[in-house]
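One structure is given here, and the rest of the page talks about it.
Within every chain, numbering begins at 1; the chains are lettered A, B, ... in the order of the sequence lines, protein sequences first and strands thereafter. Any value given below was found using the heavy atoms of this structure, including those in side chains, with hydrogens, waters and symmetry copies removed.
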Protein chains: 2
Amino acid sequence: MRIGELAQKSGVSRDTIRFYERNGLITSTVGDSETNSYRNYKDDCLVWLQFFAGAREAGMSVADLRSIVEATAESCDREVARAVVQRKIEELKERANQIGNVVRFLENALSGSG
Amino acid sequence: MRIGELAQKSGVSRDTIRFYERNGLITSTVGDSETNSYRNYKDDCLVWLQFFAGAREAGMSVADLRSIVEATAESCDREVARAVVQRKIEELKERANQIGNVVRFLENALSGSG
DNA sequence: CTAAACCGTGGACAATGGTCTATTGTTTTC
DNA sequence: GAAAACAATAGACCATTGTCCACGGTTTAG
C-alpha cells in the first residue's frame, strides 16, 4: 500500500510515518513503476504503526521502539529479542508503578487538604 | 535554604531547579543580605521538587505540573484545585491503562513467537 | 485535458526539557 | 588573604519528536 493509505488506516500522519521510517522504525520498498518512485508499505507496517501509537502514548521513546523493532528483526537471535522486549516490559511496569505513586500522592493531597 | 542545599537534598540539579523556577513551578525570595542576592528556598520547595521528579518520570509535563502548582496556591478556590488535580489523576490512570495494553501486547508477542 | 489529489525529497521551523558556559560577585575554608 | 566552592544572570546549545513548506513530478477523477 502507499503512504496515504497507510496514514489513513493507521491514523499516523504521512510526515510522522516518514519520520519513523527515517529513524528505522519501518521500511518500505520502491515500487517497480518506471514513471514514479512511490514507495510501497506492507501490511505489517500498519500493525507496527498501531503499536507505535499506543507505545508512544505509554511513554516509550522512538529509540525504545527502534530497539524493539531491531531486536525482533528476522535476522536476530530469538533469545536476544526476548531479552530486549522483556527489559522494555519491566521498564513499562516500573513506569506504571511510578504513576501509581503519583496518583496516590495526588489523591492524598486532595483528601488531606480538602 | 540556598539552591545548592536544595539541589543536593532533592536530587534535582541547580540548573533544573532554576529552569523550574523560571517556569513557575517553585518560587524563592531574595535574602536580606546587603552583600549578595542569594535566593532563599523554603522547605516546601523540597517537597515539590521530590514530587516533580516522580511526576516527570510518570510522564507529566512541566505544564501539567504548573497547572497543579497554580491550582493549589493559597489564593485559589479549593474546588477548582480539586477539579484540576482530579483531572490529572484521570489522565494518569489512562496512561497507566495504556501502559497495561502495551505490556500485554509485548508479552503476547513474546509468547506468540517464542 | 485539466484540476485535484497524491508522492518524494530536502530542509526549515517549533515546542519541550533541560544542560552548559561565561561572567561577575560572595562565602567559606585553609 | 588566597583558593575553592557557591551563587545569580543571561544566553547559547542540545536531543527529541514531530510539523510544515516548497519544489517538481505522477496519478486519478471528471
Handout entry: Atom pair distance, as rounded to whole Å: OH in Tyr41(A) and P in dC6(C)
Key = 15 Å
Practice task
Describe, in one word, how the ring planes of Phe52(B) and Tyr20(B) are oriented to each other, choosing from parallel (under 30°), tilted (30 to 60°) and perpendicular (over 60°).
Solution key: perpendicular
Problem - Same apolar cluster (I L V M F W Y, side chains within < 4.5 Å links), Leu46(B)/Ile17(B) - result: yes
Exercise for the section: Inspect the surroundings of CG in Asp43(B) and state if more than 12 heavy atoms from other residues, nucleotides or ligands are less than 6.0 Å away. Expected result: no
Every protein N/O lying under 3.5 Å from an N/O of nucleotides 26-28 of chain C:
residue: dT26(C); atom: OP1; partner: Thr35(B); partner atom: O; Å: 2.7
residue: dT26(C); atom: O4'; partner: Tyr38(B); partner atom: OH; Å: 3.3
residue: dT26(C); atom: O3'; partner: Asn36(B); partner atom: ND2; Å: 3.4
residue: dT27(C); atom: OP1; partner: Ser33(B); partner atom: OG; Å: 3.3
residue: dT27(C); atom: OP1; partner: Thr35(B); partner atom: OG1; Å: 2.5
residue: dT27(C); atom: OP1; partner: Asn36(B); partner atom: ND2; Å: 2.7
residue: dT27(C); atom: OP2; partner: Thr35(B); partner atom: OG1; Å: 3.1

Exercise for the section: Using a cut-off of strictly less than 4.0 Å, decide whether Ser13(A) has a side-chain nitrogen or oxygen near OP1 or OP2 of dT19(D). Expected result: yes
Completion exercise
In whole angstroms, the gap separating P of dC6(C) from CD of Gln8(A) amounts to 10 Å
Exercise for the section: Starting at atom CG of Leu65(A), determine the distance to atom P of dT16(D), rounded to an integer number of angstrom. Expected result: 13 Å
Atom pairs under 3.5 Å, N or O on each side, protein against nucleotides 10-15 of chain C: can you list them with distances?
none

Practice task
Treat each ILVMFWY residue as a node, draw an edge where side-chain heavy atoms are under 4.5 Å apart, and state whether Tyr41(A) and Val69(A) are in one component.
Solution key: yes
Handout entry: Partner of Trp48(A) by side chain to side chain contact (heavy atoms under 4.5 Å, CB included), out of Leu25(A), Leu65(A), Ile68(A)
Key = Ile68(A)
Fill in the blank from the handout: In whole angstroms, the gap separating C1' of dT16(D) from CZ of Arg66(A) amounts to 11 Å
Handout entry: Phosphate OP1/OP2 of dT19(D) contacted by Arg14(A) side-chain N/O (<4.0 Å)
Key = no
Problem - 5′-ward residue of the pair Arg18(B)/Phe19(A) relative to DNA chain D - result: Arg18(B)
Exercise for the section: Please state how far atom CG in Leu25(A) lies from atom P in dT17(D), giving the value in whole angstrom units. Expected result: 10 Å
Practice task
Could you tell me the separation between the CD1 atom of Ile3(A) and the P atom of dT26(D), rounded to a whole number of Å?
Solution key: 18 Å
Problem - Gln86(A) and Glu90(A): side chain donor to acceptor below 3.5 Å - result: yes
Practice task
Would you indicate which nucleotide in dT19(C), dA8(D), dG18(D) comes nearest to any side-chain atom of Thr16(A)?
Solution key: dG18(D)
Exercise for the section: Could you tell me whether Tyr20(A) contacts a base, only the sugar-phosphate backbone, or nothing, with contacts defined as non-hydrogen atoms closer than 4.0 Å? Expected result: sugar-phosphate
Handout entry: Given Arg39(A), Lys42(A), Arg18(A), the one that forms side chain to side chain donor-acceptor pair (under 3.5 Å) with Ser28(A)
Key = Arg39(A)
Practice task
Please state how far atom CG in Asp64(A) lies from atom P in dT16(D), giving the value in whole angstrom units.
Solution key: 11 Å
Practice task
Measure from CG on Asn40(B) to P on dC6(D) and round the result to the nearest Å.
Solution key: 17 Å
Problem - side-chain contact (heavy atoms from CB on, under 4.5 Å) evaluation trace for Met1(B) with Lys9(B) - result: CA-CA 10 Å; Met1(B) 91 190 89; Lys9(B) 283 186 178 164; 4.3 Å; yes
Practice task
Kindly check if the number of other-residue, nucleotide or ligand heavy atoms within 6.0 Å of CZ (Arg66(A)) is above 12?
Solution key: yes
